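The basis for the numbers below is simple: all heavy atoms, side chains too, and nothing from hydrogens, waters or symmetry mates. Numbers for residues simply follow the sequence, beginning at 1. Please read all numbers here as calculations on a predicted model, not as lab measurements.
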Amino acid sequence: MVITIKKDTKAEEINKALKKLPKSAKKDLSSFYGKLKGAFGDGLAYQKAIRNEWD
């Protein structure tokens, strides 16, 4: 099951949708946001390397 959350979705609507999920499918939302640990190393160094247009 997919839950689509838009910018203007209210917290009550999100909670209702999460309650509809089966118990086995519920996960903590922290696993879906934030930095990717270990994928790119230091974030600033990665961005400098990617955006290195002038060198």
Side-chain angles (χ1 to χ4, degrees):
M1 177 179 196
V2 175
I3 297 174
T4 304
I5 300 173
K6 297 180 182 177
K7 273 198 302 192
D8 58 343
T9 304
K10 298 193 184 325
E12 300 146 359
E13 295 172 4
I14 295 171
N15 288 333
K16 284 181 187 178
L18 289 175
K19 286 180 183 177
K20 291 180 184 179
L21 287 175
K23 297 269 184 205
S24 62
K26 289 186 180 179
K27 292 190 177 193
D28 189 32
L29 288 178
S30 65
S31 61
F32 296 104
Y33 67 88
K35 68 178 185 177
L36 298 174
K37 296 179 182 174
F40 302 106
D42 180 36
L44 184 59
Y46 173 74
Q47 283 193 14
K48 284 182 179 179
I50 290 296
R51 300 175 191 266
N52 193 5
E53 300 170 354
W54 301 104
D55 291 336

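With sequence neighbours excluded, the residues that form a side-chain contact (heavy atoms from CB on, under 4.5 Å) with Gln47 are Arg51. Not counting sequence neighbours, the partners of Ile50 by the side-chain contact (heavy atoms from CB on, under 4.5 Å) test are Tyr46. Partners of Lys6 under the side-chain contact (heavy atoms from CB on, under 4.5 Å) rule, at least two apart in sequence or in another chain, are Asp8, Thr9.
Taking NZ from Lys16 and CD from Glu13, the interatomic distance works out to 7.0 Å, rounded to the nearest 0.5 Å.
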